**Student:** 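Provided herewith is a single structure, encoded as structure tokens, for subsequent inquiry.
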Amino acid sequence: MLPGPAVHSAVQPAVHSAVQLGIRTDAQPDTHPHVHPYAHPQIQPDTRSTTLADVRFEGRRGSGRDDSDDSDDSDNRHTVSVLAFDGMSPFELGCVVEVFGLPRPELEVPWYDLVVCAERDRPLRAVGGFTVQAAHGLDAFAEADTVIVPGVPDVRAEVSPALVSALRRASDRGARIVSICSGAFALAAAGLLDDRPATTHWRYAALLRRRFPQVQVDPSVLYVDGGDVLTSAGSAAGLDLLIHLVRRDHGPSVANAVARRLVVPPHREGGQAQYVEAPVPALDDDDAVGRAMEWALAGLARPITVAAMARVAGMSPRSFVRHFNRRTGTSPLRWVIAQRVAASLPLLETTAVPIEEIGAAVGFESPVTFRHHFSRSMHTSPSAYRRTFSR
């Protein structure tokens, strides 16, 4: 468990292998690199007409296996419950099902036992014109090891007393409680976010703060890991949090393998905000900042200054910082530090190269500086990280 609340935000991971960073190693090459570039295929809209479909999540508590399978190891698996409700967006629920409900025998670790739950045993309407009917109720919801609320029907309405009671029972049992997007309103109604940092979709942040002033709302981050209670911003930020949970439970290699299946970045962390407050910059400005970022990623080992990045972008340092922050939500130097830490992870996981050399290879001036920034970002030391996650 990560000590204390850890606030995570989006920064594209640096993509550097040991060879790219100039490190010699006798380790076997990894055919599936742990940190990979963004590879999002362009999603084409489905122009076909939508018909009403009735989707039931049944079988062995969402295990994803045929009920005829006699090798029932559900007692040894971490149970995850997720709430379905009338009027829900299917994206957040689908993310939970994809991450925790899909069987993954290739990973050779005990996978999760997913339970899709609802307050009432009836078809639930989902955005898009289809229905979902969950096979389990709130009793099963409260009994899980990890309990996920992917949203609420109405952020301005009172949360169901039955759901509040189920969340409190789960918390009292020591379950890990998770919200995605507007689901934070349910956790707040149950008192689980009192005097704690939390986030939600940026559109709802002000309302969450007004309705629950005891919650320390941070609208600028992707997700907040408070150990036993975790909250995420909207939509894709929820997927970031789910991958983070897998990383916490099974380590970076397993989380990265799941991310590869999903074609998403394996670890988004750093200083970028949920959203861009200012209007989207003009294409030339966007390209200029992108050129500077590519230049920095291509040579993390060299000294990188704001002035140097500004020269690559063809801007003054002050103008570059303003455009960079508008695009990424963080400063250039904080972004560079995050990339250097990210680049060190696969080297720590897969090589025996001394930590001092790894720090230098990714651009930190000294081992002390490397350990300082690594500990601030990962909440552990490079040595401890290597002991835990080396393969």
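Side-chain atoms are counted along with the backbone in the values below, which use heavy atoms only and exclude waters and symmetry mates. Keep in mind it's a predicted model, so treat the numbers as computed, not measured.
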**Student:** Other residues, nucleotides and ligands only: do more than 12 of their heavy atoms fall within 6.0 Å of CD on Glu158?
**Tutor:** no

**Student:** Hey, is CD on Glu106 packed in by over 12 heavy atoms from elsewhere, all under 6.0 Å?
**Tutor:** yes

**Student:** Between Ser319 and Ser316, do the side chains contain a donor N or O and an acceptor N or O under 3.5 Å apart?
**Tutor:** no

**Student:** Are more than 12 heavy atoms, taken from residues, nucleotides or ligands other than Arg173, located less than 6.0 Å from that residue's CZ atom?
**Tutor:** yes

**Student:** How about Phe100 and Val246: do any of their side-chain heavy atoms sit closer than 4.5 Å?
**Tutor:** yes

**Student:** Under the rule for side-chain contact (heavy atoms from CB on, under 4.5 Å), what residues qualify as partners of Arg209, not counting sequence neighbours?
**Tutor:** Val217, Pro219

**Student:** Do you know which of Ile148, Leu163, Leu167 makes side chain to side chain contact (heavy atoms under 4.5 Å, CB included) with Leu83?
**Tutor:** Leu163

**Student:** Do Asp240 and Ser232 make a side-chain contact, defined as non-hydrogen atoms from C-beta onward lying under 4.5 Å apart?
**Tutor:** no

**Student:** Taking atom CZ as the centre, does Arg318 end up with more than 12 heavy-atom neighbours from other residues, nucleotides or ligands that are less than 6.0 angstrom away?
**Tutor:** no

**Student:** Just say parallel, tilted or perpendicular for the rings of His244 and Tyr223, cut-offs at 30° and 60°.
**Tutor:** tilted

**Student:** Hey, can you tell me if Tyr204 and His201 have their rings parallel, tilted or perpendicular (30° and 60° cut-offs)?
**Tutor:** tilted

**Student:** Among side-chain atoms of Asp249 and His78, is any donor-acceptor pair under 3.5 angstrom?
**Tutor:** no

**Student:** Can you tell me how far NE2 of His250 sits from CG of Asn256, rounded to the nearest 0.5 angstrom?
**Tutor:** 13.5 Å

**Student:** Would you say that Ile304 contacts Arg340 through its side chain, given a criterion of any heavy-atom pair below 4.5 Å between the two side chains?
**Tutor:** yes

**Student:** How about Ser165 and Arg169: does a side-chain donor come under 3.5 Å of a side-chain acceptor?
**Tutor:** yes

**Student:** For residues Val289 and Met293, determine if any side-chain heavy atom of one lies less than 4.5 Å from a side-chain heavy atom of the other.
**Tutor:** yes

**Student:** Would you mind reporting whether Phe212 and Asp194 have side-chain heavy atoms less than 4.5 Å apart?
**Tutor:** no

**Student:** Assert yes or no for the condition that the ring centre distance of Tyr385 to Phe374 is strictly below 6.0 Å.
**Tutor:** yes

**Student:** Does Trp295 have Arg311 sitting over its ring (NZ/CZ under 6.0 Å from centre, angle to axis within 45°)?
**Tutor:** no

**Student:** Would you say that Arg334 contacts Thr328 through its side chain, given a criterion of any heavy-atom pair below 4.5 Å between the two side chains?
**Tutor:** no

